[in-house]
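I have placed the structure first, in the form of structure tokens, so that the comments after it can refer back to it.
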Amino acid sequence: MIPNKTQLFNKSLDAVNKQIQRYKAEMDTIKESMEANDVHNDYDEEGSKGELLGDFEKYAKYLDTAQTMKLTLTKIDREHYSESIKFGSVIETDERFYFIACALGEINMDDGSKVYVISTEAPIYEKIKGKKAGDTFMLNDKEIKILEVR
């Protein structure tokens with residue numbers, strides 16, 4: 001049975017919010033370390049000063065990506081269902097469940113099922129876009145059947 005779209009949306013949003021909180025916390029920790037050590041933000045400095053700045057920039061990029069994913073999620077109409085696969089669809093195949101939203105990966109649902117939250121940029125999306133229940137697609141030299149689309 002296909003997972004509840006609203007619950008799946010909320011689980012996905014929670015996962016993205018946790019990522020955002022984690023990245024912000026990492027950036028705050030790095031900022032505190034830089035201030036405590038009176039580190040100058042010179043790009044050409046060597047050693048721990050440059051590493052801290054590099055780490056800060058890395059988490060800033062991660063944060064930007066997570067915030068973009070959150071924005072993408074908010075564009076999903078949780079009440080609308082479509083017969084053909086598109087952005088916002090929840091799909092059941094004979095192997096697993098998919099939610100076309102953003103690149104989050106595996107989400108564990110309350111009933112114990114797992115859903116793979118993928119973006120429209122994922123290679124598999126190109127294989128399933130526009131398909132309907134009963135259609136098949138090839139993945140890793142294996143034919144997979146689409147059982148349900150919501």
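These numbers were taken from a predicted model, which means no experiment stands behind them.
- Across all non-hydrogen atoms, the minimal contact from Lys31 to Phe56 is CE-CE1, 4.1 Å.
- Ile91 and Phe9 fall into different hydrophobic clusters, where Ile, Leu, Val, Met, Phe, Trp and Tyr side chains are chained together by heavy-atom contacts under 4.5 Å.
- The closest side-chain heavy-atom distance from Glu26 to Lys58 is not below 4.5 Å.
- Salt bridge absent: Asp135 and Lys145 never bring a charged side-chain N and a carboxylate O closer than 4.0 Å.
- Two residues are said to be in side-chain contact when any heavy atoms from C-beta on lie closer than 4.5 Å; Ile100 and Lys86 fail this criterion.
- The number of heavy-atom neighbours closer than 6.0 Å to OH of Tyr62, taken from other residues, nucleotides and ligands shown, is 12 or below.
- When all heavy atoms of Ser89 and Ser84 are compared, the pair lying nearest together is OG-O, 3.7 Å.
- Hydrophobic clustering (ILVMFWY, side-chain heavy atoms < 4.5 Å, transitive): Leu104 and Tyr116 are in distinct clusters.
- Between the CG atom in Asn10 and the OG1 atom in Thr6 there is a gap of 7.0 Å [rounded to 0.5 Å].
- In summary, Lys142 and Glu95 engage in a salt bridge, as defined by a charged side-chain N under 4.0 Å from a carboxylate O.
- Minimum heavy-atom separation, Lys127 to Phe137: O-CB, 3.9 Å.
- Looking at every heavy atom in both residues, Pro3 comes nearest to Met109 through CB-CE, 4.1 Å.
- To the nearest 0.5 Å, atom CD of residue Glu143 and atom OG1 of residue Thr93 are 12.0 Å apart.
- The CD1 atom of Ile20 lies 11.0 Å from the CZ atom of Arg22; values are rounded to the nearest 0.5 Å.
- Contact check for Ile146 versus Thr136: no side-chain heavy atoms found under the 4.5 Å cut-off.
- Proximity of Leu63 to Gln67: side-chain heavy atoms (C-beta onward) are separated by under 4.5 Å at one or more points.
- In this structure, Lys5 is not positioned above the aromatic face of Phe99 in the sense of NZ or CZ being under 6.0 Å from the six-membered ring centre and within 45° of the axis.
- Minimum interatomic distance between Ile2 and Phe97 (heavy atoms only, all atoms of both residues): CA-CE2, 3.7 Å.
- Criterion: ILVMFWY side-chain heavy atoms under 4.5 Å apart, direct or through other members. Under it, Tyr125 and Leu8 are not part of a common hydrophobic cluster.
- Val115 and Ile144 end up in different hydrophobic clusters when Ile, Leu, Val, Met, Phe, Trp and Tyr side chains are linked at under 4.5 Å.
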Go through it in stages, so that I can follow the logic: the residues are Tyr98 and Glu92, the test is side chain to side chain contact (heavy atoms under 4.5 Å, CB included), and I'd like the CA-CA distance, side-chain angles, deciding distance and then a yes or no.
CA-CA 7 Å; Tyr98 294 97; Glu92 179 181 5; over 6 Å; no
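- Lys131 contributes atom NZ, which lies 8.5 Å from atom CD1 of Ile85 (distance to the nearest 0.5 angstrom).
- Residue Glu106 qualifies as enclosed at atom CD: its count of foreign heavy atoms under 6.0 Å is above 12.
- Here the CZ atom belonging to Arg96 is positioned 10.0 Å from the NZ atom belonging to Lys114, to the nearest 0.5 angstrom.
- For the atom pair Met34 CE and Thr29 OG1, the distance stands at 12.5 Å (nearest 0.5 Å).
- Taking both residues in full, the closest heavy atoms of Met69 and Ala103 are given as SD-O, 3.5 Å, listed atom of the first, atom of the second, then distance.
- Counting heavy atoms from C-beta on, the side chains of Glu83 and Arg150 never come closer than 4.5 Å.
- Val149 and Val117 fall into different hydrophobic clusters, where Ile, Leu, Val, Met, Phe, Trp and Tyr side chains are chained together by heavy-atom contacts under 4.5 Å.
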